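Written out below as C-alpha cells is the structure these notes cover.
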Amino acid sequence: SALLVTDLVNIAWLTGFTGSYARVLVTGSDSVFITDGRYAIQAAEQVHDAEVRTWAAPIEGEAFFLEQVRSLGIETLSFEATNITVSTSESMTKKLEGVHFVPGPDLFAGLRMVKTAAEIELIQEACALTDVAFEHICRMIQPGVREYDIQLDLEFFIRRQGATMAFDPIIVSGENSARPHGKATEKPLEVGDFLTMDFGARVKGYNADLTRTVVVGKASDEHKRIYNAVLEAQLTAIDAMKPGVAAKAVDAISREVFRKYDLAQYFTHGLGHGLGRLVHDSGRLSGSSTDILAPGQIWTVEPGVYIPGFGGCRIEDDVVVTEDGVRIFNRAPKGLLELPQV
C-alpha cells in the first residue's frame with residue numbers, strides 16, 4: 001500500500017531535493033518528504049510536490065519516521081531493496097509492528113532513462129560547459145606539464161564557473177593512457193604521448209561526460225591509425241542509433257569497425273551508458289544489454305583502444321535519442337589534435 005524511497009538519486013529526481021539525508025513515503029493518495037532539521041529551509045525551497053515533515057533534536061529520527069508511517073495508516077511498506085541493507089531492513093521490520101515491510105523492485109531506473117525537456121536542457125548546459133573546459137585546457141598541453149596539473153586546472157576552471165565535477169577526471173598520458181580508468185599522476189607529458197582526458201561538469205544535479213584524446217607533439221602513423229579507427233567506430237555507432245534499435249546491436253557495430261583494423265581485442269569495455277543524475281545512469285550500450293533505444297534517452301558513446309606498452313585512445317560524446325536518430329550535445333573538436341599547435 002506504500003513505497004519507501006531512500007536512494008538519494010531517486011529522491012532528487014522525484015522531489016528536486018539535493019541534501020544528504022531524506023526519506024520519501026508514497027501511498028495511493030499521499031506523498032510525504034521526511035528530513036531532519038539541518039535541511040528544513042532547503043526542503044521548503046526545493047520540495048513542492050510532497051508534504052515536508054522535519055524533525056530535530058532531541059527527537060530521535062527513527063522514532064519520528066515510524067510515527068509518520070503510522071500516521072498514514074500504512075499496512076504494507078515496500079522498500080528499495082538495492083539501497084537498504086539487510087541489517088537495516090531487519091531492524092525496521094522489528095520496529096514497525098503491524099506493518100508488513102517487504103523488499104521491492106527498482107521502480108525508477110526505467111523511468112529515469114527517458115528524460116524530460118527540462119532534464120535534457122540541463123544536461124546540454126553541462127555538456128556546453130564541459131566543451132568550454134576542454135578548449136581551456138588545450139592551451140596547457142605541452143611537454144613537461146604533469147597529468148596532475150591538468151586535472152587540477154580542469155577542476156578549478158569548472159568550479160569557477162559555478163558548477164561541480166561530475167566525477168574525478170581521468171587524465172592519463174603515454175603508457176598510462178592504456179588504462180581506461182587510470183588516475184592522474186606526477187608523470188610529465190612527453191613528445192609522442194597519447195593524452196586521454198575524460199571529465200565532465202555537473203549542473204544543477206545533471207552530468208556531462210566527455211572524453212578526448214590528443215597527441216603531444218607530432219602524431220606518428222600508429223597514432224593516426226588508432227585514432228582514426230576509434231573515431232570511425234564512434235561515428236558509425238552514432239549513425240546507427242535510432243528508436244527501436246537494441247543497445248547491444250549498437251555496441252556490436254562499433255566492434256565490427258575495430259575488427260576491420262585488427263584492433264577489436266583492445267576494446268575492452270562497453271560502448272556507453274545512460275547519463276543523467278548519475279554519470280553511469282540506467283542503461284548500457286554493451287553486448288549483454290537488454291535495453292532498447294527510445295526517444296528522450298541520453299547515452300554516452302565512447303569506444304576506445306588500449307594497447308599495453310603503447311597507450312590508449314578514447315573518444316566520447318553525449319547524445320540524446322530523437323524521433324529519427326540522435327542529437328549530439330558536445331561540440332569539442334574530434335579531429336586528431338597535435339598539441340601544442342605551432
Side-chain angles (χ1 to χ4, degrees), residues 130 134 137-138 140-155 165-200 209-237 251-252 254-273 279-280 284-287 300-317 332-340:
T130 304
F134 175 73
I137 207 63
C138 281
M140 189 177 179
I141 297 171
Q142 58 183 315
V145 173
R146 298 180 187 275
E147 294 172 351
Y148 196 55
D149 293 328
I150 294 173
Q151 176 178 325
L152 290 174
D153 199 70
L154 264 176
E155 292 193 24
M165 301 303 297
F167 54 93
D168 289 337
I170 298 169
I171 310 294
V172 284
S173 64
E175 292 186 14
N176 287 349
S177 62
R179 305 170 186 261
H181 275 198
K183 301 295 184 183
T185 69
E186 293 291 346
K187 177 192 175 301
L189 304 185
E190 301 175 52
V191 172
D193 280 351
F194 261 144
L195 168 62
T196 295
M197 298 170 286
D198 184 344
F199 61 98
D209 190 358
L210 173 78
T211 306
R212 290 293 184 266
T213 299
V214 304
V215 174
V216 181
K218 193 71 175 173
S220 67
D221 289 343
E222 185 66 356
H223 284 127
K224 294 175 183 177
R225 183 179 83 91
I226 293 169
Y227 190 93
N228 289 334
V230 173
L231 181 57
E232 183 179 333
Q234 198 222 27
L235 294 176
T236 303
D251 177 88
S254 68
R255 294 180 195 278
E256 282 298 322
V257 174
F258 285 130
R259 273 189 275 276
K260 182 173 69 174
Y261 290 94
D262 195 26
L263 291 170
Q265 68 270 33
Y266 300 116
F267 180 26
T268 55
H269 55 74
L271 179 65
H273 52 80
V279 176
H280 283 249
R284 293 292 179 269
L285 295 176
S286 70
T300 69
V301 187
E302 48 181 304
V305 165
Y306 314 95
I307 303 176
F310 179 79
C313 170
R314 182 167 65 254
I315 302 170
E316 175 184 22
D317 287 314
K334 286 195 287 191
L336 177 57
L337 292 177
E338 299 168 308
L339 299 174

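The shown structure was predicted, so the numbers you read here are calculated from the model rather than taken from an experiment.
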Distance-only donor-acceptor pairs under 3.5 Å for side chains of residues 190-200, two or more places apart:
{"from": "Asp193", "atom 1": "OD2", "to": "Lys187", "atom 2": "NZ", "distance (Å)": "2.7"}
{"from": "Asp193", "atom 1": "OD2", "to": "Glu190", "atom 2": "N", "distance (Å)": "2.9"}
{"from": "Thr196", "atom 1": "OG1", "to": "Thr213", "atom 2": "OG1", "distance (Å)": "2.9"}
{"from": "Thr196", "atom 1": "OG1", "to": "Gly312", "atom 2": "O", "distance (Å)": "3.2"}
{"from": "Asp198", "atom 1": "OD1", "to": "Thr211", "atom 2": "OG1", "distance (Å)": "3.3"}
{"from": "Asp198", "atom 1": "OD2", "to": "Thr211", "atom 2": "OG1", "distance (Å)": "3.2"}
{"from": "Asp198", "atom 1": "OD2", "to": "Arg314", "atom 2": "NH2", "distance (Å)": "2.9"}

So how far is it from Thr300 OG1 to Arg284 CZ, rounded to the nearest 0.5 Å? 8.5 Å
Would you say the ring centroid of His223 lies under 6.0 angstrom from that of Phe310? yes
Can you tell me how far the CG atom of Leu189 sits from the CE atom of Met140, to the nearest 0.5 Å? 8.5 Å
Please report the C-alpha distance between Phe258 and Glu256 in whole Å, then the side-chain angles of each, then the deciding distance to 0.1 Å, and finally whether the side-chain contact (heavy atoms from CB on, under 4.5 Å) criterion is met. CA-CA 5 Å; Phe258 285 130; Glu256 282 298 322; over 6 Å; no
With His280, which residues qualify under ring-ring contact (aromatic ring centres under 6.0 Å, His included), at least two apart? His273
Heavy atoms of Val301 and Ala237 approach each other most closely as CG1-CB, 4.3 Å
Option passing salt bridge (charged side-chain N to carboxylate O under 4.0 Å, His left out) with Glu232 (candidates Lys260, Arg259, Arg225): Lys260
Which residues pass the side-chain hydrogen bond (donor to acceptor under 3.5 Å, both in side chains) test with Gln151, not counting sequence neighbours? Glu155
Interatomic spacing from CG in Leu336 to CG in Leu231 - rounded to 0.5 Å: 9.5 Å
Count the heavy atoms of every other residue, nucleotide or ligand shown that sit under 6.0 Å from OH of Tyr148, and state whether that count exceeds 12. no
For Thr268, enumerate each residue passing the side-chain hydrogen bond (donor to acceptor under 3.5 Å, both in side chains) test, keeping only those at least two apart in sequence or located in another chain. none
Gap separating the CD1 atom of Ile171 from the CD1 atom of Ile141, nearest 0.5 angstrom: 8.5 Å
Mind checking ring-ring contact (aromatic ring centres under 6.0 Å, His included) for Tyr266 and listing every partner two or more places apart, or none if nothing turns up? none
What's the separation between atom CG in Asp209 and atom CD1 in Ile170, rounded to the nearest 0.5 Å? 8.0 Å
Take Val230 and Gln234 through the side-chain contact (heavy atoms from CB on, under 4.5 Å) test and state the conclusion after the steps. CA-CA 6 Å; Val230 173; Gln234 198 222 27; 5.6 Å; no
CD1 of Ile315 to CG of Leu210: how many Å apart, nearest 0.5 Å? 10.5 Å
Qualifying residues under side-chain hydrogen bond (donor to acceptor under 3.5 Å, both in side chains), relative to Arg179, sequence neighbours excluded: none
